[in-house]
Amino acid sequence: MRVAHCPLLVFLVLSVLAAPARAQFAAENAAMGVLDDFMTAFNAKDDGAMCRTFHFPHLRFASGAIRSYESHADCVAQFDFARFAERTGWARSDWDRRTVVQASPDKVHVAVIFSRYDADDERLSQFDSLYIIERIDGRWAIRSRSSFAP
């Protein structure tokens, strides 16, 4: 074999070997993309976009209660960013850590830590949560969240 063909051969072998790794992490990558979209919408105070990152019914476990959003319209009607910001002093949030703890081709459990910040970019609080992200009818979205945040 000519030396000139070796780089091509190496590329082809590595491409074939990397394909299973990409497939293995497809669900995890999709889940992280949903979490990115959720946080972007949340920080934009865009309740419609935030609710589009959910499957319905959507459940949130927090503060000893279960909140259920039955539809996109129900989710938008229930969430009030202005009231939330006024009550907490919140201006934005950010992921501190996101760790996939379980995954299948259609469902991913992600343990997260997120922080809330005020308008001066001072951390107000930090919380652990578990997000369950599922692929239903080909669409990845958040099915449920369990949080230690109020």
Side-chain angles (χ1 to χ4, degrees), residues 11-150:
F11 172 77
L12 291 172
V13 169
L14 289 177
S15 296
V16 169
L17 293 175
R22 284 192 302 273
Q24 175 186 355
F25 295 110
E28 291 91 332
N29 291 337
M32 292 302 172
V34 170
L35 292 177
D36 289 342
D37 292 346
F38 169 82
M39 189 61 75
T40 297
F42 200 84
N43 286 331
K45 301 172 183 70
D46 184 341
D47 51 6
M50 179 192 71
C51 294
R52 280 191 293 279
T53 67
F54 298 158
H55 280 304
F56 299 100
H58 177 85
L59 300 174
R60 182 173 184 255
F61 300 84
S63 301
I66 301 170
R67 172 168 277 167
S68 176
Y69 302 105
E70 297 303 316
S71 66
H72 182 271
D74 182 41
C75 178
V76 170
Q78 286 191 52
F79 207 85
D80 184 343
F81 278 105
R83 194 175 90 225
F84 174 70
E86 182 180 311
R87 189 177 77 243
T88 63
W90 170 85
R92 71 172 187 88
S93 296
D94 202 6
W95 301 119
D96 298 317
R97 183 179 309 148
R98 301 182 299 178
T99 305
V100 172
V101 293
Q102 295 171 315
S104 75
D106 294 311
K107 183 166 40 171
V108 180
H109 296 177
V110 183
V112 306
I113 300 173
F114 69 91
S115 291
R116 292 179 179 162
Y117 296 87
D118 66 14
D120 295 323
D121 218 28
E122 295 292 323
R123 181 183 286 165
L124 298 168
S125 53
Q126 187 178 58
F127 300 103
D128 294 320
S129 296
L130 178 68
Y131 282 60
I132 299 172
I133 302 158
E134 290 186 294
R135 178 172 54 182
I136 299 173
D137 296 330
R139 180 177 165 264
W140 284 96
I142 303 164
R143 169 60 85 186
S144 182
R145 301 170 287 155
S146 178
S147 181
F148 292 101

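All values derive from a computational prediction rather than experimental measurement.
Rounded to the nearest 0.5 Å, atoms OG1 (T53) and CZ (R139) are 8.0 Å apart. One finds the CZ atom of F42 at 12.5 Å from the CZ atom of R92 (value rounded to the nearest 0.5 Å). Atoms CD1 and CZ, on I142 and R52 in that order, are 13.5 Å from each other to the nearest 0.5 Å. Atoms NE2 and OG, on H109 and S146 in that order, are 11.5 Å from each other to the nearest 0.5 Å. To the nearest 0.5 Å, atom CD of residue Q102 and atom CG of residue L130 are 8.5 Å apart.
Between V108 and V34 the shortest side-chain heavy-atom distance does not fall below 4.5 Å. V100 has its side chain within reach of M32: a pair of non-hydrogen atoms, C-beta onward, lies under 4.5 Å apart. Looking only at side-chain heavy atoms (C-beta outward), F114 and Q126 stay at 4.5 Å or farther from each other. At least one side-chain heavy atom of D36 sits under 4.5 Å from a side-chain heavy atom of R98.
Among pairs with a residue in residues 45-86, those fulfilling disulfide bond (SG atoms under 2.5 Å apart) read C51-C75, at least two apart in sequence or across chains.
N43 places a side-chain N or O within donor-acceptor distance of the main-chain N or O of S93, the cut-off being under 3.5 Å. Proximity of a side-chain donor or acceptor of H58 to a complementary backbone N or O of R143 within less than 3.5 Å is detected. Although no hydrogens or angles enter the test, the distance criterion places no donor-acceptor pair under 3.5 Å between the side chain of S115 and the main chain of D94. Side chain of D118 to main chain of D120: a donor-acceptor pair is present (N/O by atom type, distance under 3.5 Å, no hydrogens or angles). Judged by distance alone, the side chain of W95 and the main-chain N or O of R97 form no donor-acceptor pair under 3.5 Å. Of the possible donor and acceptor atoms, none in the side chain of E28 sits under 3.5 Å from a partner among the backbone N and O of V110.
Dense packing is recorded around CZ of F84, with more than 12 heavy atoms of other residues, nucleotides or ligands lying under 6.0 Å away. For K45, the NZ atom counts as densely surrounded, since its 6.0 Å shell holds more than 12 non-hydrogen atoms of other residues, nucleotides or ligands.
By the 30° and 60° cut-offs, the orientation of the rings of Y131 relative to F38 is perpendicular.
Of all heavy-atom pairs spanning A27 and S104, the tightest one is CB-O, 3.3 Å. The shortest non-hydrogen separation linking D47 to F79 is OD2-O, 3.9 Å. Across every non-hydrogen atom of E134 and H55, the tightest pair is O-NE2, 3.0 Å. Residues P150 and S63 share a closest heavy-atom pair of CA-OG, 3.0 Å. Heavy atoms only, all atoms of each residue included: Q78 and S68 are closest at NE2-O, 3.1 Å. Here the closest heavy-atom approach between residue Y69 and residue F56 is recorded as O-CD2, 3.4 Å.
A salt bridge is absent between D80 and R87: the closest approach of a Lys/Arg side-chain nitrogen to an acidic carboxylate oxygen does not fall below 4.0 angstrom.
Checked against salt bridge (charged side-chain N to carboxylate O under 4.0 Å, His left out), R123 has the following partners two or more places apart in sequence or in another chain: D96.
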